[in-house]
Amino acid sequence: MTTLSLGGGRTIPAKYVPVLVTACLFVAMFVAGGIRYEGFATGQIVLNVFIDNAFLLIVAVGMTFVILTGGIDLSVGSVVALSTMIAASLMTGPGWPPYVVVPLVLLVGSALGLVMGYLIHAFDIQPFIVTLAGMFLARGLCYTIGTESIPITDPTFTAFAQTRIDLIADMWISPSVIIAAVVVLVAAYVLHYTRLGRAVYATGGSEQSALLMGLPVGRTKVAVYTISGFCSALGGVVLSFYMLSGYGLHAVGMELDAIAAVVIGGTLLTGGTGFLLGTVLGVLVLGLIQTVLSFEGTLSSWWTKIVIGMLLFAFILLQRLFSARTRS
Amino acid sequence: MDAPAPILRMSGIGKEFPGVRALDRVDLRLLPGEVHALMGENGAGKSTLIKVLTGVHTADEGAVELAGKPVAFGSPLEARQAGISTVYQEVNLCTNLSVAENILIGREPRRFGRIDWQRMRARARELLARMDLDLDVSAPLSSYSLAIQQMVAIARALDVEARVLILDEPTSSLDADEVGQLFQVMRRLKDEGIAILFVTHFLDQVYEISDRMTILRNGRLVGEYLTRELSQVELVAKMIGQELEALDKLHGEARSFATPLVEARDLGRPGAIEPFTLTIHEGQVVGLAGLLGSGRTEVARLLFGADHAAGQLSIGGEPVTLRTPRAAMGHKIAFCSENRKRDGLIEDLTVRENIVLALQATRGWTRPVPREQQDELVDKYVKALRISPPNPEIPVRNLSGGNQQKVLLARWLILEPRLLILDEPTRGIDVGAKTEIQRLVAELSGGGVAVLFISAELEEVLRLSHKVAVLRDRRMIAELPNDDELTKDVIMETIASGGRT
Amino acid sequence: MRRLLWPILVLAALLLVNLIFTPGFFSIQLREGHLYGSLIDILRFGAPLILVSLGMTLVIATGGIDLSVGSIVAISGALACLQISQDQGLFAAVALALGLCTLLGAWNGFLVAAVGIQPIIATLILMVAGRGLAQLITDGQIITVNDPAFKLIGGGYLLTVPFGILIVIAVLAITVFLTRRLALGMLIESVGGNAEASRLAGIRARGIIVMVYAFAALCAGVAGLMISSNVSSADGNNAGLWIELDAILAVVIGGTSLAGGRFSLGGTVIGALIIQTLTTTIYSIGVPPETTLLFKALVVTAVCLIQSQAFRDKVFHRRGRAAPPRPVTEEKVRVST
């Protein structure tokens, strides 16, 4: 038995390796950018990445929950768009106050997630298909509300959009970053310190086993899609702070960015393994790529996609090699 | 001596599935502080009874009483909360989580709703210590062997105040040491007054550990007996409902073999099996004996090209390198794997498709086996092996374990192999099918086919083989001719002594 | 055939709805030597989706999924149009485009079969990067071409029948031949059902998987040519956008499980037709086209619910209590003991 207990000790740091690699990549990109471009290596550049991607970070947090259970949520981008659309139309049209509109938007997003989770759990339909239907539904609802972009002029929203929170040494963040940070912290706490969080990991590890261990697998699955729906709606609210408009074509393809961020952050798409910190780093890496390309100036926007694709490839290959080694 | 009042009493349990009466008014009672063996062949209704007891299925009729009070569980969770814990044959844990979590998930120690990791690890270590296990409880479960995972599953079952512990074939993947360790734990729990329901295919284990047994046959109760009052012969007779045929040797007279077919010289694979040398002749049955994990399957996989090997291998005198199973099949080697579900059958496909699959694979996708030829071959083997139901167009998943095994055998027999490797072909199948498969091996060998026969049951190996290769700790330690002097005891001594004389 | 029942019923219902709103919906006319009619339009406009779905069916049957087909559609159109606009000759352009697509598909297959990456991720790489690649080829512009021979692929007629429909029939025939007359289908189902067992049965799973992804990409490539030919231009950004999702839907509606194993080519064709008919229906019954997606969502949900065993159990269970007991179904329940 003594030899067996040795086997465990070696593998503990193993689960942190993907996150470490992502962190190293981020630092390397930052340093390389700092050497190559004037005025790149400042704290504000990192903060700008947060400011520009706060909504993506919030959405990716929800996606992390779903992917950890071994599921996938394709509806997030559409739900983000729907949220901006509902918020903008209610505030601009009938002139509802934001403190009514925002909770309502969050409720709609969560309810959509809840229904999708229920369909997946109760009728045993593939998450891919159910959330695909959710994606169509939410996008369709956007176009039903209106096909044009609706500007948001509500003073509270514009105040949120224009507020700068000053930090030390001339650095600043927007309120959205604080919202995103709170979401990340709460989510990390839930994943690590609550039964729901552990049930998420267990379900992703082996749904069958989790069921036989008496864990509330069904409730967990419904919960993660509800969380993802909530995060998407909140991401939508934050995006409407950023854009000050509601539009059915907002956040097209954002589900891909969210999935890419989660994967680059070291979470396995099969579920059960990964950390929220990885997702944060994944979003940062994606954001920094765009910053680098904008500093480069001569490169066209489609290079973003190609670079993200190559990064995905590199990380997936790394995970693959890594998991092959731990198994043997 | 008066027995104490039963902690659990199931009476008149009936359960019907469409077309099948799985349980027909079955009674079962478990006494505190006793190990109770639930015996029966495949299809006897053991699993269904356990599933009814643990709330996976609801009974159509009958009543369950726990400590004198009527109960009906709607889910395994409810059963567990009432003190009925189950450990299944396949380890049903989450290997991505830590050992401590696997033991305690669902009832983690918490403070203000927050999981208290420190107390959780301490509690897990405590529970494992009760079983004489010292593991790193924060390591992921995947870093431990299957046997240890099984122990962790039992530790998990113990954490609840269990009054009834159900062990559903817990020993099928454990080696002798580990079985001993498990039995030690079972005895300790028994002394604590827990009633243990034990399901196993190993008769020796039943006699070693159980106090009482209930025998089922075809969904009906045969009876409840005290283990010490029922002889093994009587037990088997009651299980299969007929007298067991004489267990004579099937291989006939000891023969000498002239034509070597497969010669392995220093064939090995680092980490799997140390280099070994083995010659298999045409028409010869070579048995592989050894404990679980001693490298039996690894030998088979190397000879079939399922894993890459180092060393030399020659077939029919020609040196070869087997890089893939396909290459081995080119040399007319066939391999019936141990794990039918994982490495054998395609459950989606029909019986016919499963049978012709390997033949089709050798022809590639561009040259289909003509349908008439398929039907002819399938029909021949369904009849010859008595595959039931004899309808080749139903999905193979609907067949019982024994019949699935026969389908797998048929797949390889139509290739007319020169060497047939059988890895545990009789594991988990009923006695009738077992005898048929053994007889088939003898027939094939009579017809000049070489067979490498792997089984955990030494009696079976002795009964069939012309020579026995003994493995221990992933090393081939001896090669013994199966003459009159070779007995189960000799093999066990060889294993125990590591081949030193 | 029983598992095709629901898809066929849904398709029939959709067509009937159209007949109510458009009385002449089923009529097919011969005008100027060309076949005209709503049914022909459904087939014509649905042709690219059917093609992509056929390839997708085989991929899904191996237990995989191909998210990159939409990007491949864009790449194919972009490359062909670029070549034609540079006067490279139609044949060379088409061959080059389809060659590149097949190569990209083989790359997907390589990642899945040889490197062992989960299909959904392996193809996600090309889904993301492929769009960028298509825009790189067109330099972010929309390339317009004017080549009557190229126009034939997506917009032309041959022997009164739209050329696209003929291509679909040809590809379908080839696929059926490869999978059902030859043994490819059984081997694909075997690999999708249990990859390790298939390897131990001597099946060259890697080769089959690479081939299937290459075939799916080739189908997507042909679909890409059709789409760009139809509008005589290539748009790297929008061509084939979300077609992979429609194709996956078509496959699932057609009764092939996303888990792999058994597949149904007929079901897939019906599934693709359902999706196309739905789009047509929305236009013909006068619902604003913006709501197409809403209807799609509803139909997808309905079809998936109908096909879900759990859903049927629940519905039948409730009925079973109200009505007299049903006779025992012929369904086999595996009794494990």
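Below, chains carry the letters A, B, ... as their sequence lines are ordered, and counting in each starts from 1.
Atom CZ of B:Arg323 is surrounded by 12 or fewer heavy atoms from other residues, nucleotides or ligands within 6.0 Å. With a 6.0 Å radius and a threshold of 12 heavy atoms from other residues, nucleotides or ligands, B:Arg220 has its CZ atom at or below the threshold.
Contact count versus chain C (heavy atoms, under 4.5 Å) is highest, among B:Ala358, B:Pro368, B:Pro395, for B:Pro368.
If you measure heavy-atom distances from B:Arg301 to chain C, the contacts under 4.5 Å come from the side chain alone. With a 4.5 Å cut-off on non-hydrogen atoms, B:Arg363 does not touch chain C at all. Neither the backbone nor the side chain of B:Ile50 comes within contact range of chain C; no heavy atoms are under 4.5 Å apart.
Looking at every heavy atom in both residues, C:Leu187 comes nearest to B:Gly364 through CD1-C, 4.4 Å.
Separating the CG atom in B:Asp348 from the OG atom in C:Ser190 is a distance of 10.0 Å, to the nearest 0.5 Å. Distance CG/B:Leu349 to CD/C:Glu189: 6.0 Å, rounded to 0.5 Å. Taken to the nearest 0.5 Å, the CZ atom of C:Arg206 stands 10.0 Å off from the OG1 atom of B:Thr324. Rounded to the nearest 0.5 angstrom, C:Met186 CE and B:Arg352 CZ are separated by 7.5 Å.
Legend: ring-ring contact (aromatic ring centres under 6.0 Å, His included) pairs involving residues 334-369 of chain B, not counting sequence neighbours, sorted by first then second residue: B:Phe304-B:Phe335. Each side chain to side chain donor-acceptor pair (under 3.5 Å) pair with one or both residues in residues 52-61 of chain B, not counting sequence neighbours, appears once here: B:Arg21-B:Glu61.
Using a 4.5 Å cut-off between non-hydrogen atoms, no part of residues 107-123 of chain C approaches chain B. Contacts of residues 191-204 of chain C with chain B at a heavy-atom distance below 4.5 Å involve C:Gly193, C:Asn194, C:Glu196, C:Ala197, C:Ser198, C:Arg199, C:Leu200, C:Ala201, C:Gly202, C:Ile203, C:Arg204, listed in sequence order.
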